[in-house]
Amino acid sequence: MKLRVLHRTTYRYQSAVDMAQHMLHLSPRATALQRVLSHRLEIDPEPAARHQSTDAFGNLRTFFAQQAPHDSLSVLADSTVATTAPGALPESGHWHALDWERAREHFRYRVNAPYDPAAEFLFASPLVPRDEAFLTWARPVFAPGLPVLRAVRALMEHIHSELQYETDSTEVSTPPLEALAQGKGVCQDFAHIMVGCLRSLGLPARYVSGYLLTQPPPGQPRLIGADASHAWAAVYVPGEGGTEGEWFDFDPTNNRCGRGSPGEDYVTLAIGRDFSDVSPMRGVIQGGAQHTLDVAVTVAPPDELEGRELHPVTEPPPSRGR
């Protein structure tokens with residue numbers, strides 16, 4: 001499936017910003033299931049310095065600096081990717097039979113045991129602690145001896161059915177334990193909660209940011225700029241007999257999962273320990289006082305966007321869409 005993503009972020013400052021530095025995570029990842037056909041970033045005003053690098057998690061990031069006064073800032077990421085449908089969760093063999101306790105034991109410290117890089121996703125991260133509340137909430141679906149992928153799928157379904165998706169019920173800064181306690185949130189909260197539950201059980205889990213193709217109501221045109229970013233979780237299952245393990249993706253917001261992606265209609269942007277590692281745009285400014293933030297996102301087949309303009313619309317902060 002070929003998808004084009006337009007993501008515009010616009011800041012308007014009450015008074016001029018004198019200087020600023022920003023970091024962007026708006027470049028799609030190249031994966032086994034996703035090929036990046038094109039990608040460009042438009043920054044206005046033109047930055048004095050700009051360079052691209054790869055972060056510790058393999059994400060492409062862009063740093064830029066503004067050294068002249070400006071009262072607004074606009075960043076447009078225009079990306080086209082070709083995605084492939086992921087495989088379903090395995091129903092036979094090692095990946096299907098491995099129980100979650102043995103998967104957990106793979107990461108228990110042993111002298112001279114080979115290092116598995118996925119162990120980095122076992123620990124608490126800035127936004128996702130390892131907490132008894134996560135363990136208490138997740139443990140009922142992790143029955144003894146249950147195959148790990150069946151258990152993780154059951155956790156995804158548990159989050160999807162027991163927590164209420166409600167726009168504006170949380171903020172970007174809302175701790176996942178608070179969202180869990182109130183029983184509602186958005187995709188960022190659901191992904192953080194799932195990651196927290198898995199890590200508290202001793203299973204490596206990572207946060208995935210990206211986009212999801214949504215369909216307009218029957219008979220209505222696609223609203224340009226009315227989509228939002230998305231987020232889900234991935235769990236690592238160790239291999240057998242020295243073979244490399246695999247990551248499996250789970251989207252508790254939409255109750256979908258797959259081998260390397262929840263679906264062909266998903267676009268993977270970046271991976272990290274939690275949202276703080278992959279925030280689409282963050283930075284520091286000197287001056288500016290108060291500001292307004294407008295975000296416009298559109299995900300669509302490329303032919304639907306020919307000749308269409310992307311104008312900012314007032315939206316919740318990035319990575320909060322369904």
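No hydrogens, no waters, no symmetry mates; every other heavy atom, side chains included, goes into these values. Throughout, residue positions are numbered sequentially from 1 according to the sequence presented.
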Under 4.5 Å between side-chain heavy atoms, counting indirect links through other Ile/Leu/Val/Met/Phe/Trp/Tyr residues: same cluster for [X] and [Y] or not?
X: M1; Y: V267; answer: yes
X: F64; Y: V17; answer: yes
X: V141; Y: L203; answer: yes
X: L89; Y: V237; answer: yes
X: M281; Y: V297; answer: yes

[Y] and [X], any side-chain heavy atoms less than 4.5 Å apart:
X: I285; Y: M19; value: no
X: N255; Y: M156; value: yes
X: V235; Y: W247; value: no
X: T62; Y: L60; value: no
X: R29; Y: T31; value: yes
X: P147; Y: L98; value: no
X: L122; Y: R199; value: no
X: H39; Y: V81; value: no

More than 12 heavy atoms of other groups within 6.0 Å of [X] [atom1]:
X: E244; atom1: CD; result: no
X: R150; atom1: CZ; result: no
X: R153; atom1: CZ; result: no
X: M23; atom1: CE; result: yes

Heavy atoms only: give me the nearest [X]-[Y] pair and the separation to one decimal.
X: W95; Y: L149; result: O-CD1, 3.5 Å
X: D277; Y: H25; result: O-CE1, 3.4 Å
X: L163; Y: I193; result: CD1-CD1, 3.7 Å
X: G196; Y: V128; result: CA-CG1, 3.4 Å
X: L201; Y: A138; result: CD1-CB, 4.0 Å
X: D274; Y: P126; result: OD2-N, 3.3 Å

Would you say the ring centroid of [X] lies under 6.0 angstrom from that of [Y]?
X: H22; Y: F63; value: no
X: H7; Y: Y211; value: yes
X: Y266; Y: W232; value: yes

Got a salt bridge between R12 and D294, using NZ or NE/NH1/NH2 to carboxylate O under 4.0 Å? yes
Pairing of E101 and R104 as salt bridge, 4.0 angstrom limit: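 Looking at E101 and R104, the cut-off is not met.
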Compute whether any side-chain donor of one residue and acceptor of the other, for D44 and S74, lie under 3.5 angstrom apart. no
Side chains of S200 and R139: donor-acceptor distance under 3.5 Å anywhere?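 Side chains of S200 and R139: no pair found under 3.5 Å.
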Chi angles and distances behind the side chain to side chain contact (heavy atoms under 4.5 Å, CB included) call for H70, D18: CA-CA 7 Å; H70 53 283; D18 297 318; over 6 Å; no
Just by modelled atom types, is the E264 backbone N or O under 3.5 Å from a matching donor or acceptor in the T83 side chain? yes
With no hydrogens and no angle check, is any side-chain donor or acceptor of H230 less than 3.5 Å from a backbone partner on T268?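 Answer holds: no.
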For D265 and R256: C-alpha separation, side-chain torsions, deciding distance, then whether salt bridge (Lys or Arg N to Asp or Glu O under 4.0 Å) applies. CA-CA 11 Å; D265 47 349; R256 296 177 61 186; 2.9 Å; yes
Is the ring pair F121/F57 parallel, tilted or perpendicular, if the boundaries are 30 and 60 degrees? tilted
Should the ring pair W137 and H158 be called parallel, tilted or perpendicular, given that the plane angle runs from 0 to 90° and is split at 30 and 60? tilted
Which pairs, with at least one residue in residues 66-85 and sequence neighbours excluded, count as a salt bridge (charged side-chain N to carboxylate O under 4.0 Å, His left out)? R4-D78, R40-D78
CA sep, side-chain torsions, deciding dist, call: E246, R259, side chain to side chain contact (heavy atoms under 4.5 Å, CB included): CA-CA 8 Å; E246 285 192 32; R259 199 169 189 163; 2.8 Å; yes
